[in-house]
Amino acid sequence: MKFIGDKIAIGEIPVSELAERFGTPTYVYDEQKIRKNYRRAFNAFAKHYPDFKMFYAVKSCNNPAIVNILRQEGAGVDAASVNEILLAKHVGLGGEDVMFSGNFLSDEDIRQGLESGVIFNLDDISILPRLLKFGKPEILSFRVNPGYGKSNVGEFVTNAGPNAKFGIHPDKVMDAYRMAKEAGVKRFGAHMMTGSCITDAEYFPFVTGLLMDIIGKAGRELKIDFEFIDLGGGLGIPYKPGEAALDLEKAAELTAKMFRDKVAEYGLKPPQLKMEPARYFVGNAGYIIGRVHSIKESYKKIAGTDIGMNTLARPAMYGSYHHIYVDGKEQDPRAAIGLCGQLCENTDFWVKERELPSTIAEGDLVVVENAGAYGFGMSYQYNGRLRPAEVLVNGDEATLIRTREDFDDMIRHTFVPSRLKS
Ligand code: LLP
């Protein structure tokens with residue numbers, strides 16, 4: 001995003017032009033920014049540990065155009081469900097370029113996952129006997145809960161430690177690998193995903209150390225040569241102006257050092273290092289553009305826009321901050337203003353009060369930053385306010401990559417028994 005005078009542009013295109021052409025609300029992604037984010041992250045780690053591969057956790061933004069950008073850059077896919085495995089396949093990725101990190105899998109998930117030939121990061125030892133019922137995977141990895149996690153988003157996305165639903169308790173990890181080995185599985189990996197949106201560089205080597213102590217012992221005792229260790233995602237981005245960014249270079253250097261030291265300490269054959277970030281790739285490369293439809297002067301001054309908790313759930317769901325710009329008015333004097341969407345829910349009053357341009361008026365465009373990750377992907381239909389369009393900008397070119405939903409989408413898959421039609 002940049003300013004051309006007082007007008008906001010994404011890539012080279014003014015948001016007013018994007019809004020005119022595609023309507024509002026619309027998610028807009030900057031292709032060049034996604035590519036730069038990927039390369040920055042990949043190079044930071046690969047520099048210190050060349051046998052390194054990144055996977056894109058598609059849950060954060062599952063538009064096939066976006067997944068294709070990351071595929072072109074060299075990323076595999078981290079899938080949370082069978083449908084996300086199919087999405088990977090849809091963009092031409094399969095086999096060991098896809099990790100299946102779903103949890104509480106059904107038999108059908110397991111069967112289809114096995115059939116697809118992707119790598120399972122099994123979330124619990126209890127799933128192993130069920131998996132073996134359907135067949136023996138070529139390679140198997142377990143998701144370890146190393147006992148600690150954190151997140152800038154808070155407890156909501158702290159994915160490890162005693163309160164997390166994910167991963168295998170450290171005391172059961174040895175048994176899990178032993179059971180798999182005894183069942184004849186020959187190739188192994190290990191996985192963790194301890195938290196999302198972390199901007200503390202020291203965190204990454206710390207949790208890597210925790211995982212490696214658990215995995216190192218298992219490797220040594222069970223004589224397993226781990227082919228890969230996957231450290232998950234979690235590379236954070238700043239959301240508030242002035243908030244410190246993650247020192248990626250430091251995180252990568254310290255993590256690679258910790259990894260190498262632990263590999264040596266436990267006498268492991270050096271495994272491939274994997275990570276599966278998402279927010280770092282697409283978070284700051286996505287925006288949602290909305291229009292102000294009315295200004296209410298009540299107990300508070302409220303600007304009502306077509307961006308609501310249905311289109312961007314994070315503020316209502318986690319209390320997350322997203323920075324907001326008003327096109328053409330950023331230099332104007334500021335006043336305390338609330339911002340809400342059009343849903344009949346008071347949680348849709350998603351910015352209770354913020355210093356915004358006091359001149360904000362009907363017809364203005366607002367641009368919400370850092371909406372690329374867990375934005376569209378978490379949007380839903382409610383109140384007949386349907387999912388927005390998605391547009392990809394590449395320099396001065398803008399392409400519609402998902403059409404706005406319409407009424408047919410709202411009633412798709414519904415059926416009315418004939419007795420109700422008379
Ligand atoms: N791998 C696994 C197994 C995951 O579950 C996730 C995200 C990632 C990788 C990517 O994590 P990232 O690099 O983006 O931190 N909806 C929340 C975030 C939920 C994260 C879920 N798992 C939010 O809007 O903040």
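Positions are given from 1, in the same order as the sequence printed here. Because the structure is predicted, anything quoted here is derived from the model rather than measured. Note: hydrogens, waters and symmetry copies are ignored here, and every other heavy atom, side chains too, is used. One-based numbering, in listed order, for ligands and for the atoms of each.
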Check for a donor-acceptor pair, side chain of N43 on one end and backbone N or O of R40 on the other, with a separation under 3.5 Å. no

Counting distance only, does the side-chain N/O of E265 pair as donor-acceptor with the main-chain N or O of D261 below 3.5 Å? no

Listing by chain and number, which residues have a heavy atom under 4.0 Å from ligand 1? A57, K59, D78, S101, R143, V153, V157, M193, S196, C197, G233, G234, E276, P277, A278, R279, R314, Y318, Y374, M378

Shortest non-hydrogen contact between V153 and S320, atoms and distance: CG1-OG, 4.1 Å

Would Y239 and H322 count as a ring pair (Phe, Tyr, Trp, His ring centres under 6.0 Å) if you check the C-alpha gap in whole Å, the side-chain angles of each, and the deciding distance to 0.1 Å? CA-CA 6 Å; Y239 280 85; H322 281 264; 5.3 Å; yes

Pi-cation contact, F166 with R143 (under 6.0 Å, within 45°): yes

So, Y27 side chain and T311 main chain: donor-acceptor pair closer than 3.5 Å or not? yes

